Protein chains: 2
Amino acid sequence: MSQQPVKLTAKGRATRQRIIEGAAAEVRTRGAVATTLDDVCRATATSKSQLFHYFPDGREQLMYAVAEHEADRVLLDQEPYLSDLTSWAAWDAWRDAVLARYREQGTTCPLGVLMTQLTKVTPASREVTTRLLEQWQQRITDGVRAMREQGATAPDLDPARVGAALLAGIQGGVSILLQTGRLTHLEAALDVGISGLRAGA
Amino acid sequence: MSQQPVKLTAKGRATRQRIIEGAAAEVRTRGAVATTLDDVCRATATSKSQLFHYFPDGREQLMYAVAEHEADRVLLDQEPYLSDLTSWAAWDAWRDAVLARYREQGTTCPLGVLMTQLTKVTPASREVTTRLLEQWQQRITDGVRAMREQGATAPDLDPARVGAALLAGIQGGVSILLQTGRLTHLEAALDVGISGLRAGA
DNA sequence: CAAGAATTGGACCGGCAAGTCCAGAAAAGC
DNA sequence: GCTTTTCTGGACTTGCCGGTCCAATTCTTG
């Protein structure tokens, strides 16, 4: 759905990309529901016809492209730590990266918007967030397993279960951040989660 | 904002209540964004004029009333366990109650809708969800403190911090449930969270 | 330098949904 | 019973926003 069948020149690709990024920014600040196509046109200095030229299926298709774009960001922003959780130092660095990320962006959260809004608006984008969650949890679970194999955690710990709990904590922490503006819950979820891992060693 | 300044008769109060409940049901199933005032009228067998008679500020005010209504439900549904987390048996019963609740309602979640949709639509309802979160965490924190005083947890554990982490886990578990339809993350968050409490005793 | 394709601007259309209005029915109060 | 207030039905207005259309223009390519 996100692929463009017709031929695009370099200029065309650039315009298409500009539209996606502008739309993503708009969605992040105003919310997916409140973002109109006219807003996107204004923000990206394009016209309606361009928009529908690059996204023939209209708003739906654009929002899907935005979802993909934002989903990529979420994981990339946690690298290189997320893919290499093989020492407690790495875990701490990851924790700090996640917190720093959300501290700086405040209530403007790509994932939050993705999860809480785009899905309702664009059923197709549910698949994007589902895939994102799976990948994210996979990375965390891999990290837990790595630590267990080092004997750094309780030996009988179930990596998938713990990974799921940790991911849930992060999600909830972010939700609460978006609601209240407070970072405390995200921080607590990460710290309690990680120290729980260490505890059983 | 949710109070009606003009005089209401018994019949009027009943109608107003019917509108709120019908609107809440509609919001739960269709989502806040997708629910139109005409939907509400149809679902509650009322007319537009009644709607604006009881909610002069229109959609905004109605959604606020729905938010309040749903917020009440969320905590009530966890009783009597949530307010009496003074034994591990009570904690387990609470866990089961939460899981059962969300299992049965599936992706139809009052709080989820509240948090993820109403806030964006109706800024005023942010205050409602914030208050809800505060009360919820207070109850959990009280429970943690009670267990600690019994010597049933690690003595150096910070109830507020652990309570925050647990609440975050629940929120995230619910978010993920709404997204993917899977209950595993909520379950993992509760189980890992509670067993983490028990661990340090 | 054509010829065709890709790109762009912007006016326009149509539907939907929030909100208004008013007249009439029902009920409350005296 | 009569007046006043509350309650109800539903037609109507208004504005917004997604989507269409077409002509103009710029690119690509031979």
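Bear in mind the structure is a predicted one, so any value in this text is a computation, not a measurement.
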Item to check | Nearest-angstrom distance from the residue atom CZ of A:Arg13 to P of D:dT28 | outcome: 10 Å
Checklist entry - Atom CZ of B:Arg16 and atom P of D:dT6: how far apart are they, to the nearest Å? => result 15 Å
Item to check | Where at least one partner belongs to residues 154-165 of chain A, residue pairs that pass side chain to side chain donor-acceptor pair (under 3.5 Å), sequence neighbours excluded | outcome: A:Arg161-B:Asp191
Checklist entry - Is B:Tyr54 near enough to D:dT8 that one of its side-chain N or O atoms lies under 4.0 angstrom from OP1 or OP2? => result yes
Checklist entry - How long is the line joining CD of A:Gln50 and P of D:dC27, in whole Å? => result 13 Å
Checklist entry - If each of B:Ala10 and A:Ala10 is mapped to the nucleotide of DNA chain C with the nearest heavy atom, which maps nearer the 5' terminus, i.e. the 5' end? => result A:Ala10
Checklist entry - For the pair made of CZ in A:Arg42 and P in D:dC16, what is the distance, rounded to whole Å? => result 11 Å
Item to check | With sequence neighbours excluded, residues passing side chain to side chain donor-acceptor pair (under 3.5 Å) with A:Gln138 | outcome: A:Asp142
Item to check | side-chain contact (heavy atoms from CB on, under 4.5 Å) partners of A:Ala23, counting only residues at least two apart | outcome: A:Val40, A:Leu62, A:Val66
Checklist outcome for this item: Testing C:dA6, D:dG10, C:dT8 for proximity to the side chain of A:Thr15, the answer is C:dT8
Checklist entry - B:Leu8 CG to C:dA26 P: how many Å, rounded? => result 20 Å
Checklist entry - Between B:Trp91 and B:Trp94, how do the two ring planes meet: parallel, tilted or perpendicular, split at 30° and 60°? => result perpendicular
Checklist entry - Taking OP1 and OP2 of C:dG9, is either one under 4.0 Å from a side-chain nitrogen or oxygen of A:Thr46? => result no
Look for any protein N or O under 3.5 Å of an N or O in nucleotides 19-25 of chain D and output each such pair with its distance, or none.
| from | atom 1 | to | atom 2 | distance (Å) |
| --- | --- | --- | --- | --- |
| D:dG19 | OP2 | A:Arg59 | N | 2.9 |
| D:dG19 | N7 | A:Lys48 | NZ | 3.3 |
| D:dG19 | O6 | A:Lys48 | NZ | 3.0 |

Checklist entry - Looking for any heavy atom pair under 4.0 Å, which part of the strands does A:Thr36 touch: base, sugar-phosphate only, or nothing? => result sugar-phosphate
Item to check | side chain to side chain donor-acceptor pair (under 3.5 Å) partners of B:Thr184, counting only residues at least two apart | outcome: none
Checklist entry - Under the side-chain contact (heavy atoms from CB on, under 4.5 Å) test, which residues partner B:Ala164, sequence neighbours left out? => result A:His185, A:Ala188, B:Gln137
Checklist entry - Please give, in whole Å, the distance from D:dT29 P to A:Lys11 NZ? => result 14 Å
Checklist entry - Is there a donor-acceptor pair under 3.5 Å between the side chain of A:Arg16 and the backbone N or O of A:Tyr54? => result yes
Item to check | Spacing between B:Leu51 atom CG and D:dC7 atom C1', to the nearest angstrom | outcome: 13 Å
Checklist entry - Just how far, in rounded Å, is C1' of D:dG18 from CZ of A:Phe55? => result 15 Å
Next on the checklist: Taking the nucleotide of DNA chain C with the nearest heavy atom to each, does B:Thr35 or B:Thr9 sit closer to the 5' end?
Outcome noted: B:Thr35
